Engineer: 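Pasting a structure here, questions to come.
Below, all heavy atoms of this structure are taken into account, side chains as well, without hydrogens, waters or symmetry copies. Please read all numbers here as calculations on a predicted model, not as lab measurements.
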Amino acid sequence: MKIFLVIPTLYAGGAERVMSILANNWAKKHAVEVEILLLANGSPFYKIDDRVKITNLGFKTNEHPFLRIISLFKLFFKFRNYVKKIDRILSYVS
């Protein structure tokens, strides 16, 4: 089974901490294939197990408003392609 975890970033925060704990636990103790989908660019603050795959969909928040809209549409289509192959998904959005 494969589980996708979706969160905007893995910066230092409460939801990000919970997401990293869940991903690490499922990968270590339950031998589940875990993939974290990050919506925006950035590297994880919390330690993530090597068995957890991290995919960055590349939404750019620091661009000109027009370019941000284009980036948002690209993000939507990339995310849509991932949703097609999902067994289970858990999302935290703050």
Engineer: For Gly13, is there any backbone N or O sitting under 3.5 Å from a side-chain donor or acceptor partner on Tyr46?
Structural biologist: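 Yes, the answer is positive, given that a donor and an acceptor are paired below the 3.5 Å cut-off.
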Engineer: Please lay out, stage by stage, how Ile36 and Thr55 fare under the test side-chain contact (heavy atoms from CB on, under 4.5 Å).
Structural biologist: CA-CA 6 Å; Ile36 298 177; Thr55 303; over 6 Å; no
Engineer: Which pairs count as salt bridge (Lys or Arg N to Asp or Glu O under 4.0 Å) when at least one residue sits in residues 39-49, sequence neighbours excluded?
Structural biologist: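 Pairs touching residues 39-49 that pass the test: Asp49-Arg51.
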Engineer: Tell me every residue that passes salt bridge (charged side-chain N to carboxylate O under 4.0 Å, His left out) with Arg17, counting only those two or more places apart in sequence or in another chain.
Structural biologist: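 Here no residue qualifies.
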Engineer: To the nearest 0.5 Å, what is the distance between CG (Asn24) and NZ (Lys29)?
Structural biologist: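 Here the rounded value is 10.5 Å.
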Engineer: List for me each residue that meets side chain to side chain donor-acceptor pair (under 3.5 Å) alongside Asn25, sequence neighbours excluded, and say none if there are none.
Structural biologist: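 Asn25 satisfies side chain to side chain donor-acceptor pair (under 3.5 Å) with no other residue.
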Engineer: Quick one: do Leu5 and Glu35 satisfy side-chain contact (heavy atoms from CB on, under 4.5 Å)? Show the steps, please.
Structural biologist: CA-CA 6 Å; Leu5 304 173; Glu35 183 172 352; over 6 Å; no
Engineer: I need the minimum non-hydrogen distance between Val34 and Ala27, along with the two atoms involved.
Structural biologist: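 So the two residues come closest at CG2-N, 4.1 Å.
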Engineer: I'd like to check Ile54 versus Pro44 (side-chain heavy atoms, cut-off strictly below 4.5 Å). Are they in contact?
Structural biologist: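 A side-chain contact under 4.5 Å exists here.
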Engineer: Working to the nearest 0.5 angstrom, can you tell me the gap between Thr9 OG1 and Asn56 CG?
Structural biologist: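 CG of Asn56 is found 10.0 Å from OG1 of Thr9.
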Engineer: Which heavy atom in Ile48 sits nearest to a heavy atom in Ser20, and how many Å separate them?
Structural biologist: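 The pair with the smallest heavy-atom distance is CD1-CB, 3.5 Å.
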